[in-house]
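See structure below.
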Amino acid sequence: MLKGAFTLPTTQTAWLEERKGPPSHCLEQKKVPVTHDLAPGELLVKVEAAALNHVGYKRMQMLPNTLAKRPHIAESDFTGIVVAAQGTTGFSQGEPVCGWISQSMAQITRQGALCEYVRVQGDHVIHRPENLTPVQAAGVCLAGLSAYQLLFHHAKIKKGDRILINNGSGGIGTFAIQIAKAHECHVTASASSSSAEFVRKVGADQIIDYQVEPLSQSLAKSPPPVPFDAVIDCYGLDSNLYGNCDKYLKSDGVFASVAPATGSLLATASAGAHLFSHAWKPAWLGGNARKFSLLNLQNSKEDLRALQALITSGKVIPVVDSVYKFDDALLAYDRLMSGKAKGKVVVVIDPELYPKSEAPPS
Ligand SMILES: NC(=O)c1ccc[n+]([C@@H]2O[C@H](COP(=O)([O-])OP(=O)(O)OC[C@H]3O[C@@H](n4cnc5c(N)ncnc54)[C@H](OP(=O)(O)O)[C@@H]3O)[C@@H](O)[C@H]2O)c1
């Protein structure tokens with residue numbers, strides 16, 4: 001049960017995933033109860049801001065109601081203030097935190113981030129780094145963990161490695177570049193010409209414009225003098241990038257990818273089949289012997305703490321693309337789904353935090 005100085009309302013406003021389809025069809029803003037009963041190890045957090053991730057709308061579009069367990073509150077990433085803690089959590093009332101709701105947790109609790117109060121397990125939460133604003137902190141966990149796990153668990157990068165990051169300007173790519181640079185790696189990143197300067201400022205040593213010709217083709221034609229130790233694919237749709245990588249990735253190098261998910265089951269299955277045909281075929285049939293590793297994002301308190309330390313040290317600064325009001329969440333999805341976001345798309349729940357200076361791009 002809750003105790004202390006915070007008076008909690010019994011209801012809150014949330015964006016509920018009601019039915020299968022694109023966000024404009026699937027989501028409705030509704031009143032729902034605020035959970036007052038927490039299980040041991042759980043926190044109740046008053047959400048200040050949430051951030052969108054592609055997995056959110058892809059699940060809305062792909063999964064039927066029974067599999068998605070609708071209705072439930074949308075999205076995963078949030079930052080806010082702890083208003084209650086049950087048992088040993090390592091957090092106290094009034095502390096600013098950022099956290100995320102993993103798919104496995106959401107399946108059980110039906111919690112989500114696009115709401116005013118979220119119930120979450122303490123192992124999915126870290127103290128908010130003091131050098132971040134709530135808007136910067138909103139999108140740290142899912143994209144930051146993805147980048148961290150791709151680099152360290154999948155590609156097992158070492159200091160001094162030469163790394164290719166495909167999609168250097170996205171939510172995951174901007175974290176991946178900064179984490180790899182903090183680990184003293186040399187980073188080549190792909191970006192369109194309009195994002196090249198931005199990606200260089202984020203930290204990439206070298207940029208390849210993927211719009212001049214597909215990255216797999218330009219790298220196969222002009223491979224780097226020293227092959228990459230790892231390819232970190234933060235885009236996930238170009239199966240030829242893996243298919244051709246024997247020309248630019250070391251023979252013992254790892255190709256780690258976010259997954260070929262597209263938002264449609266058929267297109268995802270087709271992209272996946274194409275990708276895995278490269279990975280499973282023997283080399284004499286055109287297959288590729290390089291190790292392929294697919295991100296299956298898992299919660300890890302240890303990884304969250306490592307990410308927190310990188311941010312606190314100033315080596316990693318979360319990149320915010322745009323900020324939307326709570327009522328304008330559907331516009332925020334439009335921005336995310338445009339595929340043009342440079343960094344995180346943030347929805348501010350606490351109206352006092354809505355900063356005019358960080359208003360959405362026109
Ligand atoms: N498997 C998992 O557990 C997992 C977890 C998290 C995310 N994901 C997936 O990871 C993917 C990336 O997420 P994100 O949030 O980082 O993406 P994002 O922020 O939406 O990426 C946007 C960027 O994509 C770039 N882009 C567009 N077309 C491109 C192309 N053909 N090649 C390279 N870059 C291109 C654009 O860069 P320019 O400005 O340079 O054009 C744009 O800035 C999503 O598909 C997501 O579903 C998977």
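Order of appearance sets the numbers: ligands from 1, and atoms from 1 within every ligand.
On a distance-only criterion, Leu295 and ligand 1 share at least one N/O pair closer than 3.5 Å. Below 3.5 Å of separation, one finds no N or O of Lys344 facing any N or O of ligand 1. For ligand 1, the polar-atom distance check against Ala341 finds a nitrogen or oxygen pair separated by under 3.5 Å. An N or O contact shorter than 3.5 Å links Lys58 to ligand 1 by distance. At under 3.5 Å, not a single nitrogen or oxygen of Ser194, backbone or side chain, sits near a nitrogen or oxygen of ligand 1. Taking any N or O of Ile172, backbone or side chain, at least one lies under 3.5 Å from an N or O belonging to ligand 1. For ligand 1, the polar-atom distance check finds an N/O of Tyr210 within less than 3.5 Å of one of the ligand's N/O atoms. Checked by distance only, ligand 1 and Cys234 stay at 3.5 Å or farther apart across all their nitrogen or oxygen atoms.
Remark: side-chain polar atoms of Trp100 are not paired, donor with acceptor, to backbone N or O of Glu75 under 3.5 angstrom. Judged by distance alone, the side chain of Lys301 and the main-chain N or O of Val125 form a donor-acceptor pair under 3.5 Å. Without hydrogens or angle criteria, Gln178 side chain to Phe175 main chain gives no donor-acceptor distance under 3.5 Å.
For the pair Asp321 and Arg335, the salt-bridge criterion is met [side-chain N within less than 4.0 Å of a carboxylate O].
Distances from atom 3 (O) of ligand 1 to the heavy atoms of Ile208, Leu297, Asn167 show the closest one on Leu297.
For ligand 1, the atoms closer than 4.0 angstrom to any heavy atom of Val258 are 1 (N), 2 (C), 4 (C), 8 (N), 9 (C), 10 (O), 11 (C), 48 (C). For ligand 1 and Ser169, the ligand atoms under 4.0 Å from any heavy atom of the residue are 23 (C), 36 (C), 37 (O), 38 (P), 39 (O), 40 (O), 42 (C), 43 (O). Atoms of ligand 1 lying under 4.0 Å from any heavy atom of Ala191, numbered from 1 in the order shown and given with element: 40 (O). Every atom of ligand 1 with a heavy atom of Gly171 under 4.0 Å away is listed here by number and element: 14 (P), 15 (O), 16 (O), 18 (P), 19 (O). The atoms of ligand 1 that sit less than 4.0 Å from any heavy atom of Ser146 are 5 (C), 6 (C). Short contacts between ligand 1 and Ser192, defined as distances under 4.0 Å to a heavy atom of the residue, involve ligand atoms 38 (P), 39 (O), 40 (O), 41 (O).
If you check the side chains of Asn240 and Ser216, you find no donor sitting under 3.5 Å from an acceptor. No hydrogens or angles considered: a donor-acceptor pair under 3.5 Å links the side chains of Gln103 and Arg59. Using modelled atom types and a 3.5 Å distance limit, the side chains of Asp161 and His183 yield no donor-acceptor pair. If you check the side chains of Ser190 and Asn166, you find a donor sitting under 3.5 Å from an acceptor. Donor-acceptor pairing under 3.5 Å is lacking for the side chains of Lys342 and Thr174.
Using cut-offs of 30° and 60° on the angle between ring planes, the pair Tyr148 and His153 is perpendicular.
With Arg70 as reference, Glu17 is the one residue of Glu17, Glu28, Glu18 to meet the salt bridge (charged side-chain N to carboxylate O under 4.0 Å, His left out) rule.
Residue contacts with ligand 1 for Val199 are absent, since no atom lies close enough (heavy atoms, distance under 4.0 Å). When non-hydrogen atoms are compared, ligand 1 lies under 4.0 Å from the side chain of Leu142 (C-beta onward) but not from its backbone.
Distances from ligand 1 to the non-hydrogen atoms of Gly339 include at least one value under 4.0 Å.
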